[in-house]
Amino acid sequence: MDSEYVKLYTASGWLNGIMKVTPESICWRDCTVNSPNILEIGSKSIFAAILSKEQKNAFKSVKEAAAHYEPNMKSIYFTIFTVSKVDSNLDFSARNKKRPSCDSWTFQASSEHEANAFVQKIHEIIRPNYKSKPHNILVLLNPNSGKKKSNDVFNTFCKPIFKLSDVNYSLYETTSPEFAKKFMETEDLSKYTTFVSVSGDGLLNQMINGLLSRKDWEKYRKIPFGVVPSGTGNGLAWTFGYGWPELASISIAKGMIAPMDMMAITRANSDPLFCFLSVTWGYVADTDIESEKLRMLGSLRLEAYGILRLLRLRKYEGRIHYLPVEEQSLDKPKIANNEVSEHKTLYATENANASTNSLIDQYVKTQGQHDALSHGLTLPLGGQFTHKPSPLGMVRSPTDSAYNSLTNDSDINNTINGKKENEPVPTSAPAAYNAIKDYLVANQIKIPVEISKLPKDWVTVEGPFTSVTAVKVPWLTKTFLVSDKASIVDGCIDLIWCGGNVSQLKLLPYITDSVKGGFMNKNGINYSKVKAIILEPTGHRSLSKKKSEKKKNKHPSTNSTSTTSISNSKLSNSSSNLEPVKIPGNKGILSFDGEVAPIDYLKIECIPKLINVITNPWFHPFENETKSKKAIVSGHKSGYNNSPISRSASVVSFY
Ligand SMILES: Nc1ncnc2c1ncn2[C@@H]1O[C@H](COP(=O)(O)OP(=O)(O)OP(=O)(O)O)[C@@H](O)[C@H]1O
């Protein structure tokens, strides 16, 4: 069945044509003499194919489409569901703005047998091996996240999209704040192919920490995590390129995965844990946590409270120490293809860990020769062809980018497998943490830090600070591009800090218009790519306009004059570095992936590629670097006008 006669239903009625299905796309061509009508749909844009009734009216939503779907019907008609994406040259400011639109395309085959054969073939390009490896998703839903709309989000988007995409799932509603972590620690996970949270970032953090606390965590760490955003910030979903819940559901159904780094957090006075988004202290933490009382405003709470907090900016006393990553080691494009090859479908191979050269080939091919085909829908149509669409989608797109990972999968495997047996470890620490802790460079340093014993290449910065932020992702919310240089898989952490005397006026553009990019290392916003960080807050804070005595600003453990960069050669071998440490004051909080924690001394370190995550089908883990350069260098702003899809009728709104 290479190509067959198939009719396509359009607003002008049925058109006769020939259809061809390849792994990259489906292509339908009007076979009327001299007709310019061609419909090409890239495989990344297709999320479902079903046998259907003759469909003459456009579906208004995926929910309506799913309500019409009868799984065991026989028919000569079949319908393909697609999501389109926006121009691949969009810069940051255009990102996240336009809601995706989905569409449906109904065809008529010459027999029931043929219609069924088309549907099976299209299933295979949507999810290779879908028959031998059926999808079974574990979904945990937090009914209290965001504006308490998680159930609506699930019923409006996930449920119908999973039904149309022939995806099985088990849904559990959380009943308490501890539910998700406990569930992931104790549930039999062997039956699932994907773990999904319908929530903000907090629930996903608990799911991941629950999994990494299991004794058999290594067995499950490659099962990908996805998130359907229903919180207020949803930084991770915006980072994965699916902040819109319909696109998140489609991405989860399609199962494109990429590796993701995690930050291991060692605390002096509490249990260690893992974070994937951010560790914040000062302005960003206070804005996130203190704005909880404005929850009814949705994501606006962060923007509104952010301005208020800026007007009454606080400064925090303490020190930070960090291990910078050398610039030149980041600026090499040579393994970009390797990295991209890891963005693969969950169904491409039986073993998600397997290296797949064919995927490199596929990537090169789709990026180069068949860009339009594989990245979206193209409709090079003449005047006579019209089609009434159903609403649902447009997505941002990937770009090339250069990046050099500091480590690769084998590094983390070596680390984990190199764990020493029978070592005493904190009982409440996640099992994965116990396995790696001896290899964390920051854990070789005792806190409070004795500067004379800091290893070579560490840098110390003396406070006060107005804000200290360690991030693994570019986006903390839909509109806050915290670091235009961050990547989920670069083996590094982006450290951003502002001193106590930073100008509020100069900070304002970063707070209100971060999508412009290019704010790092300007106007008092300091930035470094780092491998590890040690935070030593003193627990003292004041309004930034108050002048504190210079002496008082110094960390009690700093006995020399103010130090910004120190190099020493000796490493402390103290094993007591996890013992509780007395912090003089108690003012301020920390925020871990948006969850509040008491002020503490802590060490943060990047663990490369610890887990896998679901991304949107066009996701590129290194796109931010290129995007930010584009935004800064050319100030280029492209709109949506040149999108190949301009046939959307209306947009589904869900809240
Ligand atoms: N059933 C529940 N009742 C109360 N709290 C819950 C429940 N389920 C989960 N939680 C807790 O709610 C917290 C916040 O969850 P989550 O981040 O998913 O939503 P959110 O805070 O509204 O989102 P955002 O961080 O984007 O604002 C987590 O600490 C989680 O443990």
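First listed ligand is number 1; within each ligand, the first listed atom is number 1. Only this structure's heavy atoms are used, side chains among them; waters, hydrogens and symmetry mates stay out. We count residues from 1, following the sequence as given.
Counting heavy atoms from C-beta outward, Asn151 and Pro143 have side chains that approach closer than 4.5 Å. With a 4.5 Å cut-off on side-chain heavy atoms, Asn205 and Leu277 do not count as touching. Contact check for Ile534 versus Leu602: no side-chain heavy atoms found under the 4.5 Å cut-off. Contact check for Pro430 versus Phe274: side-chain heavy atoms found under the 4.5 Å cut-off.
Among all protein heavy atoms, the one lying closest to atom 4 (C) of ligand 1 is Asn144 ND2, 3.4 Å. Looking from atom 12 (O) of ligand 1 to the surrounding protein, the closest heavy atom is Asn142 ND2, 3.4 Å. Among all non-hydrogen protein atoms, the one lying nearest atom 5 (N) of ligand 1 is Pro177 CG, 3.7 Å. Of the protein's non-hydrogen atoms, the one nearest atom 21 (O) of ligand 1 is Arg295 NH2, 3.2 Å. In this structure, atom 17 (O) of ligand 1 lies nearest to the protein heavy atom Gly202 N, 2.7 Å. In this structure, the protein non-hydrogen atom closest to atom 25 (O) of ligand 1 is Asp201 N, 4.2 Å. Nearest protein heavy-atom contact of atom 18 (O) of ligand 1 is Gly200 N, 2.9 Å. Protein heavy atom closest to atom 28 (C) of ligand 1, with residue, atom name and distance, is Glu595 OE1, 3.4 Å.
The distance criterion of under 3.5 Å between nitrogen or oxygen atoms is not met by Glu178 with respect to ligand 1. When only interatomic distances are considered, the shortest N/O to N/O separation between Thr232 and ligand 1 falls below 3.5 Å. Some N or O of Leu203 is nearer than 3.5 Å to an N or O of ligand 1, by distance alone.
Between Glu317 and Arg541 there is no salt bridge, since no side-chain nitrogen of the basic residue lies less than 4.0 Å from a carboxylate oxygen of the acidic one. With salt bridges taken as basic N to acidic carboxylate O contacts below 4.0 Å, one links Asp490 and Lys529. Salt-bridge annotation for Arg214 and Glu185: absent, with no side-chain N of the basic residue lying under 4.0 Å from a carboxylate O of the acidic one. By the 4.0 Å N-to-carboxylate-O rule, Glu187 lies too far from Lys182 to be salt-bridged with it.
Within the 4.0 Å heavy-atom criterion, neither part of Ser197 lies near ligand 1. Heavy atoms of Leu204 found under 4.0 angstrom from ligand 1: none, in either backbone or side chain. Using a 4.0 Å cut-off between heavy atoms, Asn205 makes no contact with ligand 1 at all.
Not a single heavy atom of Gly594 sits under 4.0 Å from any atom of ligand 1.
The contact set between ligand 1 and Gly146, taken as ligand atoms under 4.0 Å from a residue heavy atom, comprises 20 (P), 22 (O). The Asn234 neighbourhood of ligand 1 comprises atoms 26 (O), with distances under 4.0 Å to a heavy atom of that residue. In the vicinity of Gly231, heavy-atom distances shorter than 4.0 Å reach the ligand 1 atoms 23 (O), 26 (O).
Between Tyr322 and Trp497, a ring centre-to-centre spacing shorter than 6.0 Å is recorded.
Note: Tyr169 and Phe154 have perpendicular aromatic rings, judged against thresholds of 30 and 60 degrees for the angle between ring planes.
When only modelled atom types and interatomic distance are considered, Asp271 and Ser428 share a side-chain donor-acceptor pair under 3.5 Å.
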